**Student:** 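This structure is in C-alpha cells; I'll ask about it shortly.
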Amino acid sequence: MKNVVIGFLGTQLDMGKKRRWKPTPSLFLHDHFDVDRLELLHDHKFNRLAHQLKREIEELSPGTEVLLQRMDLTDPWDFQEVYGKLFDFARGYGFDEDREQYHVHLTTGTHVAQICWFLLTESRHVPARLIQTGPPGPEEKTPKFDIIDLDLSRYNALQQRFDQLSREYSDQLKGGIETRNPQYNALIDRIEMIAGNSDDPILLLGETGTGKTELAERIYNLKLDRRRIKGRLVHVNCATLNGPDAMATLFGQRRSYLGQAGTERGGLLREADGGVLFLDEVDELGWNEQSILLHAIETGRFYPLGSDHEVSSRFHIIAGANRDLRVLAAEGQFRQDLLARLNMWHFHLPALRERREDIEANLMFELTRSERKLGTQVGFNADAREAYLRFATNPATFWPGNFRDFSGSVKRLCTLAPRGRITCAMVEDEVQSLQTDWRTSTSDTDFTLVKDVLGSAASDVDPFDMVQLAKVIHTCQHAPSISAAGRMLFAVSRQKRKTQNDADRLRKYLQKFGLDWDAVSAGHR
C-alpha cells in the first residue's frame, strides 16, 4: 500500500532559519518509512515557500509526489475556523483505504491545528495515523519519528463544535424532522452515539409502520459518513424468504447444487460485504436460516449451498421486528443464541399515538415529500389544517398503521387537492374514510383479542359489548399507563367533566368484566 502524508506547511520551522532541521523534509530521512505522496496544506501568503519546499523534497526523494493544497486561514488560532476548514477538506478528499495508508503530520501548524487533526482522526473523518517528528538529539544523526497520542482533556473549547456535529447526525437520523417528543429524541441521540462508535448489531423493535426501515437506511448513511463502512445497504425482507429458495437467496448457491446445472447465486450476505445487512421482519426467519446466520455474524464465514468451501463476508447487522423476540424465543420460535447476538443494542420505536406532539412536524415533512413527487406545491387551507391536526392529535385517534397510515393519508389529500389547496371538506372525507377502514380491519379480530384476556368467558360477552371491550383492551395494551389509556378512551367526554379521573373511570369499566389493568396490559408488557 502507498503511504500518504498530510500536513501543514511549517511557516517558521520549514524555513530553517533558526536551526538546520526542517520538520517536513525530515519525513524523508527514515529508511523504514517511504512517503509515496505528500499533501502539503498552505496559505496563499506562503505560496513561494511552499513551492521552494516542494522542489527540495523532490530532490531529496524523487519517488515522492508532492501536492500543494491551498488552505487560507484568516486566524490559524481560531478553533472554529481551523476545524471547519479541515472538516471540509476531509469530506471532499476521497480516501481510498484499500490502496493507500494515510498519516497526518502533527509537528507543523498551530496547536489548534494539532488538536483538530487529532479529533478528525479519532472520529474517522480522516482515516489516518498521527506522526510526530522532532530534531535529532545531541548524539543522534536521525531526526525523531514517532506515532503519538494526545491528551485533549484541557481543550474543551471544541466541545461546542462537536455538539453541533452530533446534532447534525441526530437530524440525519430523524430525516430532518424537528421532533419534540423527549423519549424519541433521547432514543435517536443514543442510536447516533452507538451507530457512530460501534460495529455491533442493532435491533429495532416496534409496531408495523413506526419507521424501522427508514431509520435503518439513515443509520446506514450515518455509518457511511463516519467511515465505519464502505459497502452498500442490503435490505432483506425475511417474511419473503420462504420455501427452498430461502437459503440460496441469503447464502448463495453453487451452479452444480443438487447434481444438476443451475444458476450460480452469490447470495445477499455476499452483497452486503463491507456494508450493512438490514434484516427486516427478522422474526419471520426460518430456523435453519437462523442457525447459519448466527455463524455468519459471529465469524464472517458461511457455506453457500452445494459448496465445500466457506466464503467470507464482513458486514454490520441491523435487524427489525414488530413482535417481541423474547416471547418468540421462550416459545421456541426464535433461537435464543441468535437473539442474544442481535440484542446487543436494541431500541423500541414508539408508535405514532405516543408521539402526538411530533405530528405537526411530520405533517410538514409529508407535505414536502408529496410536493417533490407530484412536482407541484400543495398546502392546507387554514381551517382544513386545523381540522386535520385536531383529528390527528386527538387521543381517540389510534393510528393502527402508525406513520404508514399517516403518510398515506397526507398523500391522498395532496394528490386530490384542487389547484394545490386542501380544503376542509376534503379533510372531513379523509377522516371518515380512515375511521371506516380502521373499523373494518379490526372487527374480525375483536373476539380473538377479548378471548386472549377473558378466556372461555369471552363467549358470554354480547356482540354489543364485544366491540367496545376489544377497543378498551387494545388501547390498554398499547398505552404506557392506565391514565394514558383513560385519556385516549374518554378523549371527548372528559372535556365536559369538572373532574377528570380517567384512570378511575377505566378501572371501574374493567371491573364489570372481572378485569384489572395488569390483566389487560400484560400482553403488551
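None of these values were measured; they are calculated from a predicted model.
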**Student:** Any side-chain heavy atom of V311 sitting closer than 4.5 Å to one from P304?
**Tutor:** yes
**Student:** Can you tell me if R323 uses its side chain to pair, donor with acceptor, with the backbone of D283 under 3.5 Å?
**Tutor:** yes
**Student:** Under 4.0 Å between a Lys/Arg side-chain N and an Asp/Glu carboxylate O for D337 and R341?
**Tutor:**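 A salt bridge is absent here (no side-chain N lies under 4.0 Å from a carboxylate O).
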**Student:** For the pair S433 and R412, evaluate side chain to side chain donor-acceptor pair (under 3.5 Å) and give the outcome as yes or no after the intermediate values.
**Tutor:** CA-CA 11 Å; S433 176; R412 285 191 294 271; 5.5 Å; no
**Student:** Treating R227 as the side-chain partner and H125 as the backbone partner, does any N or O pair qualify as donor plus acceptor under 3.5 Å?
**Tutor:**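 Such a contact is found between R227 side chain and H125 backbone.
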**Student:** On the six-membered ring of F347, is R190 placed so that its NZ or CZ lies under 6.0 angstrom from the centre and within 45° of the ring axis?
**Tutor:** no
**Student:** Counting only heavy atoms from other residues, nucleotides and ligands, does the tally under 6.0 Å from CD of E178 exceed 12?
**Tutor:** no
**Student:** Hey, can you tell me if F380 and Y388 have their rings parallel, tilted or perpendicular (30° and 60° cut-offs)?
**Tutor:**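 Plane angle between 30° and 60°, so tilted.
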**Student:** Less than 4.5 Å apart, side chain to side chain, heavy atoms only: is that true for R421 and M426?
**Tutor:** no
**Student:** Please verify the inter-ring angle class for W399 with F391; under 30° counts as parallel, over 60° as perpendicular, anything in between as tilted.
**Tutor:** perpendicular
**Student:** Thinking salt bridges, do R265 and E271 make one under a 4.0 Å N-O criterion?
**Tutor:**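 Between E271 and R265 there is no salt bridge, as every charged N stays at least 4.0 Å from the carboxylate O atoms.
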**Student:** Verify whether one side chain among R404 and T208 offers a donor that lies under 3.5 Å from an acceptor in the other.
**Tutor:**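 No, T208 and R404 have no side-chain donor paired with an acceptor closer than 3.5 Å.
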**Student:** Is the shortest side-chain heavy-atom distance between Q477 and S521 below 4.5 Å?
**Tutor:**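 When only atoms from C-beta onward are counted, S521 and Q477 do not touch, as no gap falls below 4.5 Å.
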**Student:** Measure across P182 and E357 and return the closest heavy-atom pair with its distance rounded to 0.1 Å.
**Tutor:**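 It is CD-OE2, 3.9 Å.
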**Student:** Is the side chain of D171 donor-acceptor paired with the backbone N or O of G176 at a distance under 3.5 Å, no angle test?
**Tutor:**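 Not a single qualifying donor-acceptor pair exists.
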**Student:** Would you indicate whether H346, at its atom NE2, is surrounded by more than 12 heavy atoms from other residues, nucleotides or ligands within a distance under 6.0 Å?
**Tutor:** no
**Student:** Take the angle between the ring planes of H474 and H478 and call it parallel below 30°, perpendicular above 60°, tilted in between.
**Tutor:** tilted
**Student:** For T179 and N181, indicate whether the former's side chain and the latter's backbone hold a donor-acceptor pair under 3.5 Å.
**Tutor:** no
**Student:** Nearest heavy-atom pair of V82 and D75: which atoms, and what distance?
**Tutor:**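 So the minimum-distance heavy-atom pair works out to CG2-O, 4.1 Å.
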**Student:** Does atom CD of E331 have more than 12 heavy-atom neighbours, drawn from other residues, nucleotides or ligands, at distances under 6.0 Å?
**Tutor:**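 Enclosed: over 12 neighbouring heavy atoms sit under 6.0 Å from CD of E331.
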**Student:** Just by distance, do the side chain of E97 and the backbone of P127 share a donor-acceptor pair under 3.5 Å?
**Tutor:**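 No, the answer is negative, given that no donor and acceptor are paired below the 3.5 Å cut-off.
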